[in-house]
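These notes concern the structure reproduced below.
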Amino acid sequence: MSSTAPTTKSEEILRIEAKWRERWERDRAAFVDTAKPAGEGTYLLVMLPYPSGDRLHVGHARTYFLTDALHRFLRQTGVTVFCPMGWDAFGLPAENYAIQKGIHPRTSTLANIAAMKEQFRSWGVLYDWTKEVTTCEPEYYRWNQWFFLKLFEKGLAVRKKAAVNWCPSCLTVLANEQADGGVCDRCGTPVVPRELEQWFLKITDYAERLLEGLDTLADWPDKVVTMQRNWIGKSTGADLDFAIPSLAESVRVFTTRPDTVYGATALVLAPEHALVPRLLANHPRKAELEAWVESIRGQERIAREAEGAEKDGRDTGVKAVNPFTGKEIPVWLANFVIADYGTGALMAVPAHDTRDFDFAKKYGIPIVRVIEEEKKEKKEDLLRKEEGESATAPSAAYTGEGRVIASGPFSAKSSSSARELIAQDAAERGIGGPKVRYRLRDWLISRQRYWGTPIPMIHCEKDRWVPVPEKDLPVVLPPDAPFTGKGGNPLEKVAAFVNTTCPKCGGPARRETDTMDTFVDSSWYYLRYVDPKNATAPFDPRIAKEWTPVDQYIGGIEHAILHLLYARFFARILKDLGLVAFEEPFSALFNQGMITRQSPTGRVEKMSKSRGNAVSLDPLIAEKGADAVRAFVLFLGPPEKDAEWNDEGISGPERFLWRVRSTVDRFLESGADPRGTPSAADTPTARARHMAVKRITEDFRAFSFHTAVAHLMELLNGATAQVGDPGADAGETATTLRTLVTLLHPIAPHLSEELNEKMGGEKSLLVSGWPAWDPALAVEEFASIAVQISGKVRAELRLPRGSSEELAIAAAVSNATVAKWLEGKQRLKTIWVQDRLLNLVVK
RNA sequence: GCGAAAGUGGCGGAAUUGGUAGACGCGCAAGGCUCAGGACCUUGUGGCCCUUACCGGCUGUGGGGGUUCGAGUCCCCCCUUUCGCACCA
C-alpha cells in the first residue's frame with residue numbers, strides 16, 4: 001500500500017480510542033469508585049475469565065461487550081453500578097500449560113492476567129479494578145480453606161471412596177477431559193478406574209432447599225432452572241425390603257412405582273452391590289461369575305451407559321421373596337443397575353418398566369401384568385388388535401397409570417392410590433416405606449493436582465483426620481512442587497509441606513496433598529469483590545449486605561448447572577453461618593449465546609482455541625477500532641442466541657460509525673451552534689427523535705442490543721437528512737445529533753465521547769445523563785392505516801393519529817383502488833383498529 | 001428414548017405479542033464521483049406476473065389441517081435442526 005495519506009481512517013480511530021481510554025482511566029474515581037447510595041445501585045456481575053494459555057477471543061468478547069454496554073447505559077441513566085472483575089486463576093489448564101512450557105503456573109497465570117487486562121483496556125470495557133480478585137493468591141484461597149473448615153465442623157465435608165481415571169503409565173489421575181475415549185491424552189495408555197478416598201461436600205443435604213429456591217428465580221432463563229431441576233432429580237416413591245432367606249439378609253430397593261410391586265418378578269442388583277460376594281459364594285460357577293462382575297466394574301462408565309448398550313446380566317441362583325406376593329423370585333446382577341443411585345438394587349417389574357421389560361425378554365424372566373390401562377384409549381386398543389397383539393403377551397411395557405389388578409387387597413384401586421397404600425403398608429410392616437430420593441450426588445472436591453487450594457486437613461495415625469487450626473491458615477501452596485504431570489500427586493513430593501505435626505496430639509502427621517476443585521473458588525467470589533482486602537474475614541457482612549445478592553449476572557450457558565448450583569449451595573451455607581441474609585445469590589441471570597465457527601473439520605462449533613477455530617479480536621481491533629468491533633459483535637443478533645462468526649459483516653457497523661462522525665463534522669462545518677435547541681417542540685423530526693429515544697432505551701433494558709444498533713442507524717439516517725437539508729431547523733438538528741451521540745455511547749463509547757466533546761459537551765457521557773422522551777411525541781403524527789377488503793390489504797391511508805372510524809371509512813371509499821374493490825359488493829361488516837387498520841368485509 | 005428451544009429473502013436478523021411480513025445491516029444490481037478502487041454518495045432489491053408507466057394482480061414466514069373479519073404469532077398433526085439429560089428404578 002502506498003502510505004501517502006497523512007492520517008488514515010484507522011489511525012484517526014485509534015487516536016480517538018487511545019485518548020478516551022486514558023481519560024477514563026485518569027478520571028476513574030468519578031465514574032467507578034462511587035459509594036452506593038442507600039437502597040439504590042446495581043451489582044452487575046460478569047463471569048470471571050480463566051487466565052490459562054489463551055488470550056481472550058471473539059467467543060469471550062460478546063459477554064464483556066454486552067456487560068459493558070449495559071453498565072454504561074445504567075450509569076448514563078444515573079444508576080450507581082458495581083461492576084468488578086477478577087481472575088479464576090487456579091485450575092488444570094494453567095497446570096498443564098505449565099507442564100508443557102516448563103514455566104511455573106503462577107508465573108504464566110500472572111502474565112496472562114496482565115495480558116488479558118490489557119485486552120480489556122483496549123476494548124474499552126469499564127471495570128472497578130480496585131476490587132480485583134485473583135483466586136490463586138493466599139489472600140483469596142485462605143478463605144476457601146476457612147469455609148472448608150466450617151463445612152468440616154458441620155459434618156458437611158466428608159471422606160468417601162470414589163473412582164478416578166488412573167493412567168497406569170503416567171501414574172497419575174486424569175480429569176475426564178484428559179481421558180477422552182478412555183485413553184490418557186498424554187501417552188495413549190488405556191485409563192483404568194481407581195478407587196480413592198476423597199473429600200466430598202454434602203450438597204445432597206441441601207437438595208430440597210436448592211430445589212425449592214428454583215421457584216423463586218423468576219429472572220433466570222427457564223432453561224437453566226429446568227436443567228438444575230433435572231440435575232437435582234427429585235423422585236418420590238418408596239423403599240421396599242426384599243428378604244433373602246438363604247443368606248438371612250434383606251435387600252432394600254427404591255421404586256417410584258410401589259403400586260407395581262405385585263408384578264416384581266426379579267430382584268436385580270448392581271455388580272458393585274455390597275452383597276454380591278455373599279450371593280456368589282456358593283455358586284457352582286463362582287469364578288466365572290466373579291470374572292464377569294469384575295469386567296462390568298472395570299468398564300468405563302461411558303461405555304456402560306452408552307446409547308444402545310446391551311443389557312447384560314447373570315442369575316445368581318439365589319432366591320429372594322417378594323414381600324407382597326410372598327413368592328420366590330430370582331436374584332440377578334445386571335450392568336444397567338447403577339450402584340450409586342438409590343440403593344444400587346431394584347425390583348424388576350417387566351410388565352410396567354421398559355428397561356425391566358427388555359431385560360426380562362432377554363433372560364426369560366416372567367412378565368406379570370398388574371396395571372390395567374383405563375379404557376379411554378380406544379383407538380390404540382383397536383390398533384393393537386389390528387396388529388394382532390394378544391393381551392396376555394404384551395409387546396411392550398405399559399408404564400402409564402391405570403387400575404391395579406392381581407394385587408391382593410390393592411386390586412381395583414387406581415395406581416396412584418395403590419402407590420400410597422402399598423408404601424404405607426410397607427412402613428407399617430417395617431419393611432420400608434415412603435421415600436424421596438435425589439439424583440444429585442455429593443460434590444467431589446478433591447483433585448490430585450498441584451495448582452489449587454490445599455485442603456486444610458492433617459492426617460495423624462492416632463487421631464485420624466484433624467483440621468488445621470484456623471489460626472494456622474492459610475496452608476500455603478508451596479511454590480516448589482515438581483509438577484511433571486506424571487508419577488502421582490505433586491504435593492506428596494514436597495517433604496516440607498507434607499510432614500507436620502498433629503494439631504491434636506503433637507505427634508508426627510501428614511498433610512492432605514489433594515487440592516480443591518476450582519468451583520470452590522467461584523462459589524463465593526462475588527462476595528469477596530465487595531471487600532477484597534479483608535484480612536480477618538472472607539468479607540465484611542455489613543458491606544456485603546449493601547451490594548448483594550447480585551442484581552444481574554451475565555455469563556455463558558456452560559455454567560448452567562455446576563457453577564451456578566455450587567454457588568447456590570454455598571449461599572445456603574453462608575446463610576446458615578450467618579454471613580449473608582439471602583439463599584439465592586443471583587437475582588437475575590442472563591446467558592449470552594456462544595459464538596460459533598466452522599472448525600477445520602467442517603463442523604460448526606463453539607469458538608475455542610483448542611478446536612482451532614478461535615478468532616483473535618486484537619488484530620481486528622487494531623485495524624477497525626474497538627468501537628466498530630463492539631458495535632458489530634452486539635449487532636450480530638439476539639444476544640441470548642448463538643451466532644456464527646463471519647467478519648465480513650463488520651463493514652456495516654464500521655460504515656455506520658464513520659457516517660456518524662462525518663455527519664457531525666458536516667454539521668459543525670456549517671457553523672451552526674451544536675448546543676442549539678429546537679425552535680418548535682412538535683415537528684416530524686422531533687417526533688422521530690423522541691421515538692428513537694424511547695425505543696433505544698427499551699432495547700437496552702431488554703438486552704436487545706442488536707435492535708438498539710439498528711434503531712441508532714435509523715436515527716442517523718434521519719439526522720443525515722436533516723444536516724443535508726438547508727431548510728432544517730439548526731437547533732433541532734443539533735439536538736438530534738447530541739441525542740444520537742449520547743444514545744450511541746453504550747455501544748461505541750470512544751467515538752461518542754469524542755463527538756460529544758466536539759459538540760461542546762463538557763462532561764463525559766458517563767455522567768451527563770440520558771435523554772428523556774415525551775410519550776406524547778414518541779409517536780408519529782400521522783398514522784398509516786391499512787385498508788383491507790375482506791382481509792386483504794388494498795390501500796393505505798395516511799390520517800392524523802386518533803382519526804375516527806367514520807373519517808377513515810369516508811377516506812377509504814373515496815380511494816380509487818378501494819372503490820374498485822367495493823364496486824358491486826355489499827358491505828357486511830367493518831373492523832376498525834384505531835390508527836392501524838380498517839377492514840371492510842364484503843360479499 | 002425423554003425434555004426444552006427454534007425453523008421468516010442469497011445471508012445475519014426485525015415484526016408494537018392476533019392487525020400493512022421482511023425494520024436495520026450484509027450481499028447483489030444500476031447510476032454518480034474517480035486514472036483507478038475492496039473508498040465514498042444516490043437508488044433499487046422476497047418470488048412470480050402485468051404494464052410505455054411510478055398503476056396493479058397473484059403468491060409468500062419448514063409441511064398439512066383448524067380457529068378468526070384477519071395468523072409468522074393461537075390450537076392439532078407431521079418434518080427438520082440445535083441444545084440439555086441419557087438405563088436414575
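Reminder, nothing fancy here: chain letters follow the sequence lines and each chain counts from 1.
Rounded to whole Å, the distance from CG on A:D239 to C1' on B:A89 is 11 Å. Look at CG on A:L565: it is 13 Å from P on B:C85, rounded to the nearest Å.
A salt bridge links A:D340 and A:R441; the closest N-O separation between the charged side-chain nitrogens and carboxylate oxygens is under 4.0 Å.
Scored by the salt bridge (Lys or Arg N to Asp or Glu O under 4.0 Å) test, A:E401 finds A:R419 as partners (sequence neighbours excluded). Applying the side chain to side chain donor-acceptor pair (under 3.5 Å) test to A:T354 and every residue at least two apart in sequence or in another chain returns nothing.
B:G72 takes the anti form, because its glycosidic angle lies more than 90° either side of 0. A syn orientation is assigned to B:U17, its glycosidic angle lying within 90° of 0.
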What pairs of nitrogen or oxygen atoms, one from the protein and one from nucleotides 22-26 of chain B, lie under 3.5 Å apart?
| residue | atom | partner | partner atom | Å |
| --- | --- | --- | --- | --- |
| B:A23 | O2' | A:E714 | OE2 | 3.3 |
| B:C26 | OP1 | A:R655 | NE | 3.1 |
| B:C26 | OP1 | A:R655 | NH2 | 2.6 |

Grab the N/O contacts between the protein and nucleotides 52-60 of chain B below 3.5 Å, and write none if there aren't any.
| residue | atom | partner | partner atom | Å |
| --- | --- | --- | --- | --- |
| B:G56 | OP1 | A:T817 | OG1 | 3.3 |
| B:G57 | OP1 | A:R794 | NH1 | 3.4 |
| B:G57 | OP1 | A:W821 | NE1 | 3.2 |
| B:C58 | OP1 | A:R794 | NH2 | 3.4 |
| B:C58 | OP2 | A:R794 | NH1 | 2.9 |
| B:U59 | OP2 | A:K792 | NZ | 3.2 |

### Task
Both distances under 3.5 Å, Watson-Crick or G-U wobble: on that basis, could you give the dot-bracket string for RNA chain B, with [ ] for crossing pairs and | for other-strand partners?
(((((((..(((......[....)))((((((.......))))))((((......))))..(((((..]....))))))))))))....
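Among A:D358, A:T265, A:T260, the one residue that satisfies the side-chain contact (heavy atoms from CB on, under 4.5 Å) test with A:P350 is A:T265.
Using cut-offs of 30° and 60° for the angle between ring planes, the A:Y566 and A:W443 rings count as parallel. Below 30°, between 30° and 60°, or above 60°: for A:H352 and A:Y398 the angle between ring planes is above 60°, a perpendicular geometry.
For the pair A:R439 and A:W231, the cation-pi criterion (under 6.0 Å, within 45° of the ring axis) is fulfilled. For the pair A:R661 and A:W658, the cation-pi test (distance below 6.0 Å, angle within 45°) is passed. Cation-pi contact between A:K311 and A:F359: absent, since separation from the ring centre below 6.0 Å together with deviation from the ring axis within 45° is not met.
Using P as the reference atom, B:U17 and B:G12 are 27 Å apart when rounded to the nearest Å. Between B:C2 and B:G60, the two C1' atoms lie 36 Å apart (nearest whole Å).
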### Message
How would you summarise protein contacts on nucleotides 65-76 of chain B per nucleotide, using B for base, S for sugar-phosphate only and - for none, with heavy-atom distances below 4.0 Å?
### Response
----B-------
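Residue A:K223 places no side-chain atom within donor-acceptor reach of the base of B:C83, judged by atom type and a 3.5 Å distance cut-off alone.
Across all strands shown, A:T830 has no heavy atoms under 4.0 Å from either base or sugar-phosphate atoms.
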